[in-house]
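Everything quoted here is computed from the prediction, not taken from an experiment. We use all heavy atoms of the structure for the numbers below, so side chains are in, but hydrogens, waters and symmetry mates are not.
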Amino acid sequence: MSKSIKILIAFLFGFNLTIVGQEVKRMSLSELFELASEQNPDIGVANAKIAVSKQTESVAKNAYLPQISASLTLSYLGDGTILDRDFRNIRRDPLPHFNNSLGLELYQPIYTGGAIYSGVKASKIGTQLAETDKLKAENSVRMSIVTNYLELAKHNNLLKVFDDNIRLTEQLIEEMKTKHSEGIVLGNDITRYELRLSSISYDRLATRNAIDICNSNLLTLLGMKSEMRILPNIEVDSIAIVDSVMQKWVQLAAENAPSLESLSLRSDLEQLNRKITHSEYLPKIGIVAGDSFNGPVTFEVPALNKNYNAWFVGINIKWNISSLFCTSKATKKHELELFQIRRQKETVESNLNREIYEALTLYNQSVDRLVIEQKNLQLANENYGIVSNRFENGLALLTDMLDASNARLDAGVRLVNAEISTRYYYYLLHYIAGTISKL
């Protein structure tokens with residue numbers, strides 16, 4: 001074996017030692033989903049938004065309560081001045097200097113044209129929008145977990161395939177060296193296999209790096225410590241048979257897709273905002289009551305150094321006349337926004353249908369491919385066994401052995417990719433339909 005290949009293999013061996021100290025945890029997708037729901041930063045932000053929206057809802061309900069205001073004034077009251085209308089005959093009017101004023105007023109809205117009710121309902125829709133945003137975050141996080149989890153599983157399987165082929169190639173090189181000493185095999189033939197070993201070793205290094213990247217991505221998504229190494233427990237991840245009826249997936253998306261739910265809620269919210277704007281046309285009616293306690297009594301001349309108390313209760317009617325020529329423009333704006341939301345929803349529905357069709361087609365293709373690749377690997381293993389036996393007995397050329405080894409490696413890699421592809425499109429269909437958070 002050449003010196004450069006020995007250095008590369010030694011480097012790969014040393015590289016593997018760096019992960020020995022890591023904590024290895026075997027986890028399934030369901031376990032990762034559960035951890036993400038508890039620890040993912042994006043989902044945590046979405047939960048905080050829901051808490052804010054619920055508090056906003058509580059604040060909006062305060063509009064139903066009476067508005068009570070109180071005021072207290074204590075001041076120094078200067079003497080008055082009395083003079084003729086032509087500003088002559090000026091004289092002072094002594095007044096009590098201590099001035100006090102205490103007022104209390106209550107306003108209870110009775111009729112606001114639906115503004116208060118619509119405002120409270122709008123705040124509830126705001127909470128529903130926040131919950132839908134959380135669902136979007138959960139779906140997005142789960143799909144990211146699925147992508148990295150399956151990539152991690154694929155590269156772990158590829159690592160086994162490369163290790164197996166490296167072991168067999170090294171074994172074959174040793175056998176060829178023996179035959180070379182017997183004059184049966186040329187030195188150039190050994191070099192060709194050493195080059196192949198070098199190529200496989202480099203592919204193994206790239207696969208090892210891909211494993212580290214996927215593992216790091218998963219830890220970030222889960223909010224876990226970076227020293228941990230996740231080992232996919234893909235065998236326990238149950239994969240149900242996907243219904244191939246396109247219309248059923250379209251119906252699932254119509255009922256569960258967060259993007260469609262968000263647009264529906266935005267449409268409801270815009271309709272409520274239009275009602276609130278339209279309420280400007282109508283008068284606002286409420287009960288008003290108050291009490292004032294003032295002193296001294298300055299509306300008498302001379303002023304009385306006494307306190308004066310008066311109270312009142314009645315109906316308050318307020319109407320903004322300028323709404324007759326201002327509100328129509330705001331109402332038109334809401335109508336245009338509603339039209340925009342409807343068009344946007346049609347576009348989203350069309351895109352979802354297109355994505356569902358594509359994912360469903362690729363899922364069915366991956367299922368067919370999986371059956372083919374399983375058969376191909378079986379044939380490649382059988383072919384490798386036959387060629388290897390013939391080569392050992394001098395009945396096959398080195399090129400035959402090389403072709404059989406390449407075919408076996410390629411079949412193993414393709415089978416791994418087919419298995420992961422089938423699972424990926426299964427989860428992708430649920431992600432598009434908005435049901436991945438229910439798995």
Side-chain angles (χ1 to χ4, degrees), residues 47-77 96 98-133 264-300 303-335 337-338:
N47 284 327
K49 288 183 178 179
I50 291 175
V52 172
S53 296
K54 288 182 177 180
Q55 189 62 31
T56 302
E57 187 177 334
S58 299
V59 172
K61 292 178 181 179
N62 290 340
Y64 285 119
L65 302 176
Q67 301 172 20
I68 303 174
S69 60
S71 63
L72 173 64
T73 302
L74 302 174
S75 62
Y76 178 85
L77 183 63
F98 178 71
N99 180 59
N100 61 275
S101 176
L102 174 63
L104 183 66
E105 187 169 331
L106 177 145
Y107 177 79
Q108 174 63 59
I110 298 176
Y111 176 75
T112 61
I116 294 179
Y117 172 78
S118 298
V120 172
K121 195 169 181 181
S123 67
K124 291 181 179 179
I125 292 179
T127 301
Q128 292 176 307
L129 277 170
E131 291 171 347
T132 303
D133 288 342
S264 296
L265 290 172
R266 281 179 55 196
S267 178
D268 294 342
L269 182 60
E270 201 57 45
Q271 290 177 12
L272 286 172
N273 289 334
R274 184 176 61 176
K275 288 182 180 180
I276 294 173
T277 300
H278 189 270
S279 69
E280 293 295 322
Y281 282 121
L282 304 173
K284 309 297 186 291
I285 303 173
I287 296 175
V288 63
D291 185 272
S292 60
F293 184 82
N294 302 312
V297 181
T298 57
F299 55 79
E300 291 285 346
L304 301 177
N305 190 17
K306 295 181 181 296
N307 291 317
Y308 180 82
N309 185 74
W311 62 272
F312 68 93
V313 63
I315 300 293
N316 177 279
I317 301 176
K318 184 186 297 184
W319 183 39
N320 183 11
I321 299 177
S322 62
S323 65
L324 294 175
F325 50 84
C326 292
T327 305
S328 59
K329 295 179 181 179
T331 303
K332 180 65 175 178
K333 173 179 174 291
H334 291 304
E335 291 174 354
E337 288 178 345
L338 279 169

Exercise for review: Could you tell me whether Y107 atom OH has more than 12 heavy atoms of other residues or ligands within 6.0 Å of it?
Suggested key: yes
Point to revise | Minimal non-hydrogen separation, Y117 against Y64, with atom names | key: CA-OH, 3.5 Å
**Study point:** Side-chain donor/acceptor of K284 to backbone N/O of S279, under 3.5 Å
**Key:** yes
Exercise for review: Compare every heavy atom of A63 with every heavy atom of P109, then report the nearest pair and how far apart it is.
Suggested key: CG-O, 3.7 Å
Check your understanding: Do E57 and T127 have side-chain atoms, one donor and one acceptor, less than 3.5 Å apart?
Key -> yes
Practice item. Quick one: closest heavy-atom pair of P283 and I317, and the distance? Key: CB-CG2, 4.3 Å
Review point. Can you check whether L104 reaches W311 side chain to side chain, under 4.5 Å on heavy atoms?
Key: no
Practice item. Please report the closest heavy-atom contact between T277 and T327, naming both atoms and the distance. Key: O-CG2, 3.1 Å
Check your understanding: Tell me, do W319 and L324 make a side-chain contact under 4.5 Å, heavy atoms counted?
Key -> yes
Point to revise | Atom pair NZ (K54) and NZ (K49), whose distance is rounded to the nearest 0.5 Å | key: 16.0 Å
Point to revise | Residue from N99, N307, L304 passing side chain to side chain contact (heavy atoms under 4.5 Å, CB included) with P296 | key: N99
Practice item. Determine, stepwise, if the pair V288 / F312 fulfils side chain to side chain contact (heavy atoms under 4.5 Å, CB included). Key: CA-CA 8 Å; V288 63; F312 68 93; 4.0 Å; yes
Review point. Does S323 have any side-chain hydrogen bond (donor to acceptor under 3.5 Å, both in side chains) partners at least two apart in sequence or in another chain, and if so, which?
Key: none
Review point. Can you tell me how far CG of L282 sits from CG of N320, rounded to the nearest 0.5 angstrom?
Key: 11.5 Å
Exercise for review: Report, as yes or no, whether the 6.0 Å neighbourhood of atom CD1 on I321 holds more than 12 heavy atoms from other residues, nucleotides or ligands.
Suggested key: no
**Study point:** From T132 atom OG1 to R266 atom CZ, the distance as rounded to the nearest 0.5 Å
**Key:** 12.0 Å
Check your understanding: Are L77 and T298 close enough that some pair of their side-chain heavy atoms sits under 4.5 Å apart?
Key -> yes
Revision key, fill the gap. Only one of Q271, E270, H278, K275 passes side chain to side chain donor-acceptor pair (under 3.5 Å) with H334, and that residue is E270
Review point. Under the 3.5 angstrom rule, does the side chain of Q55 hit a backbone N or O of I50 as a donor-acceptor pair?
Key: no
Point to revise | N294 vs L102 side-chain heavy atoms within contact, under 4.5 Å | key: no
Review point. Given N305 and F98, is the side chain to side chain contact (heavy atoms under 4.5 Å, CB included) satisfied, shown in steps?
Key: CA-CA 9 Å; N305 190 17; F98 178 71; over 6 Å; no
Point to revise | Pairwise distance CD(E131) to CG(L265) - rounded to 0.5 angstrom | key: 9.5 Å
Review point. How long is the span from the CG atom in D268 to the NZ atom in K124, to the nearest 0.5 Å?
Key: 13.5 Å
Revision key, fill the gap. CD (Q128) and CG (D133) are apart, to the nearest 0.5 Å, by 12.0 Å
**Study point:** Nearest non-hydrogen partners of I276 and S118, listed with the distance
**Key:** CG1-CB, 3.5 Å
Exercise for review: Heavy atoms only: give me the nearest A60-G119 pair and the separation to one decimal.
Suggested key: CB-O, 4.2 Å
